[in-house]
Amino acid sequence: MPDLSAVRASLAAQRIETPSWAYGNSGTRFKVFAQPGVPRTPQEKLDDAAQVHALTGVAPAVALHIPWDRVDDYAALAAHAKERGLTIGAINSNVFQDDDYKLGSVTNPDPAVRRKALDHLLECVDIMDATGSRDLKLWFSDGTNYPGQDDLHARQDRLAEALAAVHERLGDGQRMLLEYKLFEPAFYATDVPDWGTAYAHCLKLGPKAQVVVDTGHHAPGTNIEFIVAFLLREGRLGGFDFNSRFYADDDLMVGAADPFQLFRIMYEVVRGGGLGDEIAFMLDQCHNIEPKIPAILRSVMNVQEATAKALLVDAEALHAAQSTGDVLGANAVLMDAFNTDVRPLVAEVRSAAGLDPDPIAAYHASGWQQHIVTNRVGGTQAGWGA
């Protein structure tokens with residue numbers, strides 16, 4: 001049986017990174033519904049993130065998105081975070097919103113557009129230097145909509161050239177995390193459509209290049225935990241973008257659509273020794289109809305609970321069943337852990353850290369929501385329009 005003291009220690013040490021953009025007005029391409037009290041500045045996003053960390057104890061890092069979080073002084077922004085018990089996490093680049101990127105960014109057939117995109121990626125590394133961030137996250141919307149629209153081989157060459165330039169610019173202790181996405185907005189051929197493409201590029205670049213797995217970026221029925229297990233085994237899993245999907249890239253709260261899948265993923269993380277600091281566990285979600293901060297709190301809690309269940313898997317019993325070909329017995333070991341109500345265990349870990357065992361109730365009692373609704377009047381709310 002698992003050592004419960006070791007399980008508690010692992011849960012207390014877990015770190016989950018929250019995304020700055022989830023605190024702002026975000027949603028679908030069809031409509032973004034504004035909410036009162038939404039942050040107007042990157043500093044106010046950090047203020048909200050500090051509430052999440054204070055209530056959960058496991059969310060000290062906040063990922064930034066450039067230019068959504070652009071400021072004049074990034075060192076001062078990092079200092080603002082530190083004053084609130086936070087650090088700046090991954091720096092996320094944006095080479096998909098400008099009109100110039102209609103036909104792609106780093107794979108665009110126009111060398112001037114490619115140069116513009118590369119300059120932005122290098123600017124993001126400069127921001128990493130100023131904020132002390134370890135990770136640069138790269139996602140490219142690049143692709144084509146029609147057969148013959150562009151040369152597929154040449155686009156991979158252009159991608160490789162840009163990635164090599166960014167990789168060369170990285171400093172000691174810095175990494176680039178390459179994200180993949182099956183489709184959208186390109187529907188014929190996406191330039192980084194799957195983990196194999198991302199892995200192949202990272203393998204050629206070197207150890208500073210890692211793959212990031214967005215749990216919403218796969219075809220229905222994809223065995224995401226196999227991808228996780230493979231990348232962990234190869235030492236190339238750099239992080240996660242946690243969210244849920246029913247159909248495509250829905251960006252719903254992690255664990256909302258398929259909590260069993262989240263458990264299976266976290267089991268492979270535990271099995272592969274991936275709970276340490278090397279893997280970034282980041283949320284990447286859009287909260288359009290649900291309140292922002294409670295949704296992020298719930299998401300952090302969902303990851304914690306899936307992790308707790310994964311840690312409760314009886315590894316010895318599982319190995320014994322697997323070794324003897326006991327198919328149903330092996331499956332039962334996993335199901336016993338998944339069906340365990342771990343909420344009291346996680347609440348116990350919070351209480352031991354001096355936290356309220358119920359972060360959601362604690363948030364509603366804190367008065368922070370009323371505070372931000374009253375005080376964040378005027379200015380322009382953070383978010384993107386649709």
Enquirer: Would you call the rings of Phe263 and Phe338 parallel, tilted or perpendicular if under 30° counts as parallel and over 60° as perpendicular?
Expert: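 The rings of Phe263 and Phe338 sit tilted, inter-plane angle from 30° to 60°.
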
Enquirer: Would you say the side-chain atoms of Gln156 and His201 include a donor-acceptor pair closer than 3.5 Å?
Expert: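 Yes, a side-chain donor-acceptor pair sits under 3.5 Å.
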
Enquirer: Asp48 and salt bridge (charged side-chain N to carboxylate O under 4.0 Å, His left out): which single residue from Lys292, Arg376, Arg40 fits?
Expert: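 Passing option: Arg376.
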
Enquirer: What is the distance from atom OG1 of Thr56 to atom CD1 of Ile16, rounded to the nearest 0.5 Å?
Expert: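 Between atom OG1 of Thr56 and atom CD1 of Ile16 there are 7.0 Å.
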
Enquirer: Check step by step if side-chain contact (heavy atoms from CB on, under 4.5 Å) holds for Leu170 and Arg175.
Expert: CA-CA 7 Å; Leu170 293 173; Arg175 311 185 304 175; 5.5 Å; no

Enquirer: Angle class for the Phe242/Phe240 ring planes (parallel below 30°, perpendicular above 60°, tilted otherwise)?
Expert: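 If you compare the ring of Phe242 with that of Phe240, the planes turn out parallel.
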
Enquirer: How long is the straight-line distance from CD of Glu168 back to NZ of Lys208, given to the nearest 0.5 Å?
Expert: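 Between atom NZ of Lys208 and atom CD of Glu168 there are 8.0 Å.
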
Enquirer: Treating Asn288 as the side-chain partner and Lys31 as the backbone partner, does any N or O pair qualify as donor plus acceptor under 3.5 Å?
Expert: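 Yes, Asn288 side chain to Lys31 backbone: donor-acceptor pair under 3.5 Å.
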
Enquirer: For atom CG of Asp277, is the number of surrounding heavy atoms from other residues, nucleotides or ligands below 6.0 Å larger than 12?
Expert: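 No, because the 6.0 Å sphere around CG of Asp277 holds 12 heavy atoms or fewer from other groups.
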
Enquirer: Consider only side-chain heavy atoms of I, L, V, M, F, W and Y, link residues closer than 4.5 Å, and tell whether Leu46 and Tyr23 are in one cluster.
Expert: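 Linked within one cluster.
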
Enquirer: Out of the candidates Asp249, Asp284, Asp251, only one should pair with Asn243 under the side-chain hydrogen bond (donor to acceptor under 3.5 Å, both in side chains) rule; please name it.
Expert: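 Checked Asp249, Asp284, Asp251 against Asn243; only one passes side-chain hydrogen bond (donor to acceptor under 3.5 Å, both in side chains): Asp251.
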
Enquirer: Does atom CD of Glu161 have more than 12 heavy-atom neighbours from other groups under 6.0 Å away?
Expert: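 Result for CD/Glu161: open.
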
Enquirer: Please check if atom CD in Gln322 has more than 12 non-hydrogen atoms from other residues, nucleotides or ligands closer than 6.0 Å.
Expert: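 Check passes, neighbour count above 12.
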
Enquirer: Does atom CZ (Arg343) have a neighbourhood of more than 12 heavy atoms from anything else shown, all under 6.0 Å?
Expert: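 Check fails, neighbour count at 12 or below.
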
